[in-house]
Amino acid sequence: MPKIAFIGTGGTIASIGSGPFDLLDYNASDERVNARAILDRTGLGAAIGEIVPIDFRQIDSTAISQADWADLAELCWQLSADATFNGIVIGHGTASLEETAWLLSLVLDLKVPVVLTGSMRPLTGLSSDAGANLAAAVNVAAAAHRSGDYGVFVVLNDEIHSPRAVTKAHTLRLNAFRSPGTGPVGAVDGQIVRFIRQELPGKAPVFARDLLRRLARVDIAYSYIGADGCAIKAFVDAGARGIISAGFGPGVGTPAEIEALAEAVEAGVVVVQSSRTGAGQVVDSANHRRLGIIPGNDLSPQKARILLALCLARGDSPDEIRSIFQSV
Ligand code: ASP
């Protein structure tokens, strides 16, 4: 039997609605239970492994702070020091799950796999996916440990995703988690876990965990017709050390935004250009090179934000940041 640590952080997988038909507005109760109660309610206690509940937070994932991230990374690191654990499963709200998964993949280098899961329907809802997703996550953690694959994974709806590619692509459906352009890295059918491909181009850099205690302020400016650069100027005034431009399709803002971004670079702010499209590369362009704007590869704006905040906290130069974004 695998021995898996199960960290509860809250989210829908921990949420108590007003009854089985409360599938949409269950946050109204503001009631979320801890890891032990999730195991009790799903009946997963010892069914497919020795699952050890670890209490952490019972919050909505929209409320996760940088301090929570730092504490969670620290907790994973501490648990991994207990050689009896074969893996760590984290129950997490789906709203920001992809951000926490990506962040952990950038700061953890453990000898156990870490699997994040959540649910689209509350623990108490009719046909809740809470128990099924948790069971799948435990099975993936056990299988990844057996094959010596100690990365960070996201498991929902019987699919295994990489933290780099995965995104929540639907507000409500059970298949909300997708990896646009690449697809999942594997699938789970009960205890049969199949990894179908390796994440390319390879492992992202590993940053020191203590950087999470002093992440730099990085904001995201979202492009739309008529965007006049006002948000970008406000971010600079607020002390942003980095700005992610979530630009139009190819990765470009309006003329007024480009002007404001160029001024930000002049003022010493590091600007990374990503795209609001949800998939595909932002390639380097002569214009961006001339202005000192760094192409964001195929990272979503929210994931580019995390990578840039870590780079800035570490004190990387713009040239170093450019090459990290190119190689990640
Ligand atoms: N509101 C929830 C959260 O904590 C959404 C979810 O978990 O599905 O992110």
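One-based numbering, in listed order, for ligands and for the atoms of each.
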Contacts satisfying salt bridge (Lys or Arg N to Asp or Glu O under 4.0 Å) that involve residues 149-161 (not counting sequence neighbours) are none

Tell me which pairs pass salt bridge (Lys or Arg N to Asp or Glu O under 4.0 Å) where either residue lies in residues 70-99, with sequence neighbours left out. Arg57-Asp71, Asp71-Arg213, Glu74-Arg209

Are Glu257 and Ser245 close enough that a side-chain donor and a side-chain acceptor fall under 3.5 Å? no

For residues 285-297, which residue pairs qualify under side chain to side chain donor-acceptor pair (under 3.5 Å), counting only residues two or more places apart or in two chains? Gln281-Asn297, Asp284-Arg289, Ser285-His288, Asn287-Arg290

Do the charged groups of Asp109 and Lys111 touch, with an N to O distance under 4.0 Å? no

Heavy-atom check, side chain of Asp60 versus side chain of Arg32, under 4.5 Å: yes

Distances under 3.5 Å, N/O of ligand 1 against N/O of the protein: list each pair and its distance.
| from | atom 1 | to | atom 2 | distance (Å) |
| --- | --- | --- | --- | --- |
| ligand 1 | 1 (N) | Asp60 | OD1 | 2.6 |
| ligand 1 | 4 (O) | Asp60 | OD1 | 3.2 |
| ligand 1 | 4 (O) | Ser61 | N | 2.7 |
| ligand 1 | 7 (O) | Thr12 | N | 2.9 |
| ligand 1 | 7 (O) | Thr12 | OG1 | 2.9 |
| ligand 1 | 7 (O) | Thr94 | N | 2.8 |
| ligand 1 | 8 (O) | Thr12 | OG1 | 2.9 |
| ligand 1 | 8 (O) | Thr94 | OG1 | 2.4 |
| ligand 1 | 8 (O) | Ser119 | O | 3.3 |
| ligand 1 | 9 (O) | Ser61 | OG | 2.6 |
| ligand 1 | 9 (O) | Thr94 | N | 3.3 |
| ligand 1 | 9 (O) | Ala95 | N | 3.0 |

